[in-house]
Amino acid sequence: MTSRIKSLLERTFDKEQAKFRRDVDWKPLLERFVAEGTSDMARARIGLEEMLKAETPAFMDGERLAFLRTVKQIPDLHTDEEMAARRAAGTAFGEKGVVFNLTADFAPTIRDGLDARLAEIDVRLAELKGRQDGGSPSQGDCMRRQDGGSPSHGDCMRRQDGGSPSQGDCMRRQDGGSPSQGDCMRRQDGGSPSQGGSNWESRRLAGDNAESIEFLENARLSVEAVLGLVERYRAEAEKRGLAEIAATLAHVPMNGARTFHEALQTLRILHYAMWCEGEYHCGLGRIDQYLFPYYEADVKAGRLTEETALEEMEEFFIACNRDSDLYIGVQQGDNGQSVMLGGVTREGKPAFNDLSRLCLKACGELKLVDPKINLRVDKSTPIEIYELGTELTAKGLGFPQYANDDVVIPALQRWGYELGDARDYSVAACWEFLVPGCGMDINNIDAVSFVGALDRALRVLTQRRRGAELLFDDVKREFFAEIQRRADALVKKYAHVEILPGPFVSVISTDCIKKARDLSKGGKYNNFGIHGTGLAVAVDSLASVRELVFEKKLVTLEEIVKLLDTDFAGRPDVLAAAKAAPKMGNADARADDLAKELVEFWGHAFDGKRNDRGGIFRPGTGSAMYYIWHAREVPASADGRLKGQPLSANYAPSLDVPVKGPVSVVRSFTEPDLGPVCNGGPLTIEIHDSAFAMPDGVGKVANLVKFFIERGGHQMQINTINRDTLLDAQAHPERHRHLIVRVWGWSGYFIELDKCFQDQIIKRVELR
Amino acid sequence: MLKGRVFEIREFTLQDGPGPRTTVFLQGCPLRCTWCHNPEGQEFGAGREMTDEEVAAEVLKNADFLVMSKGGVTLSGGEPLAQAGFAVAIIDGIRAKEPRLTHAIETSGFAPAEAYRTVVSRLDFVYQDVKFPDLDGYRRWTGVDATPIFENIKWLQKSRVPFVARVPCIPGVNDSRETKSAIARLVDGAPNLLGVEMLPYNRLAGAKYAKLGRAYSPGFDESREPDVSIVV
């Protein structure tokens, strides 16, 4: 690490950048929106404009990549009352209602520059306005005009270098046909499987011209707002003698990036602007793929060495930590700044490259929580790549999180994703699989509590029939029926979901300009993901019921249900037997067979169901933060978990369960067929930090990951922790500022977590 | 089929030999090291009775992983050589079913020469404890006459079985420069010696005694950091 990077790293970690920040009261703006009845689209654009106007160009000493947040708050665009009224009128929203939890299509805009997007907007606007005036050009006209036309370009003056390379770039791309162009045409012809036949599609085809024009006009102004701030940054840099930054900002992001450095600067600005528009959990996607051409060209031309490339990457990664304390999440660190490395190309060729390697190395040196690294692997991935990943695990970063192409790509295909798109998958924020750019999926829209469903099922069953007549199959049947009821209820709840517009993110997402439609109105994929919480606790409880009630006949089902409400009061024998019953994670078929059945049922619980955007519902094995929330809704469970004890996060053995070790855990958790539950949700395991005391610890743990992948696991993350350190960090947080843990799908600083999240992590290792 | 006593079979042990391993902890130890961090393994007759076939079957459940990762099985204890026949049956049983696993042992070396040679000659790798360079230290701190230990170490040095000498560094007991130099001189020179590992005293050892209802009185200042520096 160079001394410049070391200094930037330390000062960023110490939040030196906070000195540039100020509070802005956005209430007057919101009041204006309400008073004037401003449309959603205009609010989004005005919010971004005002936000960026309020920003002040600021630079940290020694940085070469500019842009940092100086205004703490992002404008609220709707009042709580307005949102409540819409909900009351039958509209559902995902979380805050805005575009979130996804990754834009950064590559084309890094390549072409924002001026090219403006030019495209102008072409579409002219065409749509022409249509409004009476003409109705055919699709052929549209294409011809894009090829040969000369779109108006009012703001050439703004560009420093005067030239118009973006225009050329734009045309070249349209002539040559990038993959997304091809996709676009194909889709227009046939439609993707997940969209066909829905009322959403017909509404879309009806084509509201005025709405399209409103979108394009606001999109244009959004881009202008971003470029306005870029120009202020450039001027300020020039004024302060920051010649390199000034020169960079004179070219990008207006024009296509010519160097790796310019590509990173453009990415930094686009990503920053998304957050300013109000999007959150904005992932970065496959940076080792879309930045590779710039890296490779620079290396070939001698502009970049391995050392300077590492320095560039490290500065960019540090920048990801600069504003992240302002990025909202359930907990600090839950900000969705994920990166996906490796895997295969859209054509199916191995994609892990020198830049993937460089990214891993940069993260290993920096030891920061952002960006959160994901690594795609498959059965042919050599052990060396797992070892590179495990080097980060050894440093206790909680990442990489691994995803298995052998499972995920076919799973996405089965769900209607085209092969090229499926091969291009990344993660949304934590672990929800998403195709960057064209996926407008809401991958975490809600969750089903398996533990809650089982509790309910046991009660329903014992009220309905006498225990003596019951068979264990009846318990399973009722449990699955309850899961189905809950799944159906979610389908109904999210029958009509609205997403608030994001004109800027639309500009940098696939085909929104072409379709003259905001991303929030639908992307190529519009699926909803549903988490499943407490899977292991539910499985263990079922195994316990089977053993205690139906095999050993120690208690009746009625008695168990009563004991759940009293934390097994008066029956320590039943509690002990429940705790001793088979548990998932010990490679014990008496629990694992039930896991297989549950996962299979869950994987098909939404078959045939669609949302009104034509999307499907994707079940997953993730828990998000529901592992804390859902635990509060249930009493004790039949596995011996007492009331108030948390559930395990994601796909992991129950807490308080002694397991033989990680090999058995991997074995148990790869017994089910995980393809049908590929919304995401990693096997989460904890490894004691002493595992890496010996130098060959990395190779050994890497083999464990490889074993998981070879057995058909879908996703896995590893926490390297030491319980004593965690306890000491609770007592003396000031001594552990750098201590990182993996929480549910992200790495965060342990001392910044709420105690319930801290305690849950400590519990994960109590018996291991 | 032989019966023996086992107090734990732990999977994915990372510090017990090449590759990830499954470690079988055999019950019972003739030594009484005052710092012992596995006191639950000391008493003969405790633990769980298992047949060699059951132990082998348990280990072989993870054979696919162990083969893939070039790992194997390590017998530990207790003193595994106190159940030498059982140990041999386990090793042979596993090897017959899965020859690709490597076999290792962690031993104090306190065993009759024949038992030592029978087991060790079957192994791919040995962790040989060397706690003291002389009989006095052993007598005072472990309660045994260590003559067989030194004889077995001599035999090991002439065998072809690769070994690592492990020195538990106990503060004020054997971590002086003189003691460590003497230990180093004792093991040095064997072509099959892969290295010497200094293991710092495990401060958490005391906690296990309370659980067993036993007093922990190691007889040295356990608060002092042991000197684990390697003497050349």
Side-chain angles (χ1 to χ4, degrees), chain A residues 379 381-384 386-387 390 393-394 585-589 592 653 658-671 685-713 718 720 722-725 727 766-768, chain B residues 6-25 37 48 50 54-55 57-74 98 100-102 104 106 125 127 164 166 169 194-207 211 228:
Chain A
K379 61 179 174 303
T381 303
I383 189 73
E384 289 72 26
Y386 290 95
E387 286 175 349
T390 309
T393 306
N586 278 316
D588 183 340
D592 294 352
V659 291
K660 284 192 218 164
V663 185
S664 292
V665 170
V666 165
R667 207 175 279 289
S668 277
F669 282 77
T670 47
E671 276 297 309
I685 66 169
E686 276 66 37
I687 286 187
H688 195 272
D689 59 6
S690 65
F692 300 105
M694 304 281 196
D696 57 353
V698 165
K700 294 173 181 180
V701 174
N703 268 295
L704 183 71
V705 181
K706 195 171 193 315
F707 184 59
F708 174 77
I709 298 298
E710 289 185 357
R711 280 185 56 87
I718 303 171
T720 302
N722 180 328
R723 183 168 174 268
D724 298 327
T725 310
L727 291 172
E766 234 150 49
L767 292 172
R768 315 261 154 91
Chain B
V6 173
F7 71 93
E8 193 183 356
I9 298 177
R10 196 181 298 164
E11 64 176 43
F12 204 59
T13 50
L14 300 181
Q15 298 177 8
D16 293 341
R21 310 191 73 77
T22 295
T23 300
V24 180
F25 293 88
H37 68 275
R48 165 179 164 217
M50 292 178 81
E54 284 167 343
V55 174
E58 186 65 28
V59 169
L60 287 165
K61 278 185 189 167
N62 286 337
D64 50 357
F65 172 67
L66 295 172
V67 167
M68 179 195 113
S69 53
K70 301 186 174 65
V73 193
T74 298
E98 179 44 84
R100 289 173 292 179
L101 299 186
T102 58
E106 288 179 292
F125 192 80
Y127 282 107
V164 166
R166 272 187 166 168
C169 289
L194 300 178
V196 180
E197 282 179 13
M198 298 289 171
L199 302 182
Y201 163 68
N202 183 348
R203 288 220 184 131
L204 299 175
K211 272 191 205 160
V228 295

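Only this structure's heavy atoms are used, side chains among them; waters, hydrogens and symmetry mates stay out. Quick note on labels: first sequence line is chain A, next is B, and so on, each numbered from 1.
Ranked by heavy-atom pairs under 4.5 Å with chain B, the list A:Ser664, A:Gly697, A:Ala587 is led by A:Ser664. Annotation: maximal heavy-atom pairing with chain B below 4.5 Å, among A:Arg711, A:Met694, A:Glu710, A:Arg667, occurs at A:Arg667.
Listed by chain and number, the residues in a salt bridge (charged side-chain N to carboxylate O under 4.0 Å, His left out) with B:Glu98 are B:Arg100 (sequence neighbours excluded). A search for salt bridge (charged side-chain N to carboxylate O under 4.0 Å, His left out) contacts involving B:Glu197 returns B:Arg166, not counting sequence neighbours.
Using a 4.5 Å cut-off on side-chain heavy atoms (C-beta onward), B:Thr23 and B:Glu8 make no contact. Counting only heavy atoms from C-beta outward, the side chains of B:Phe125 and B:Leu194 approach each other to under 4.5 Å.
Proximity to chain B (any heavy atom under 4.5 Å) is shown, for A:Val701, by both the backbone and the side chain. In this structure, chain B has heavy atoms under 4.5 Å from both the backbone and the side chain of A:Leu704. Using a 4.5 Å cut-off between heavy atoms, B:Lys61 touches chain A through backbone and side chain atoms alike.
The two atoms that bring A:Pro658 and A:Asn586 nearest to each other are O-ND2, 3.3 Å, heavy atoms only.
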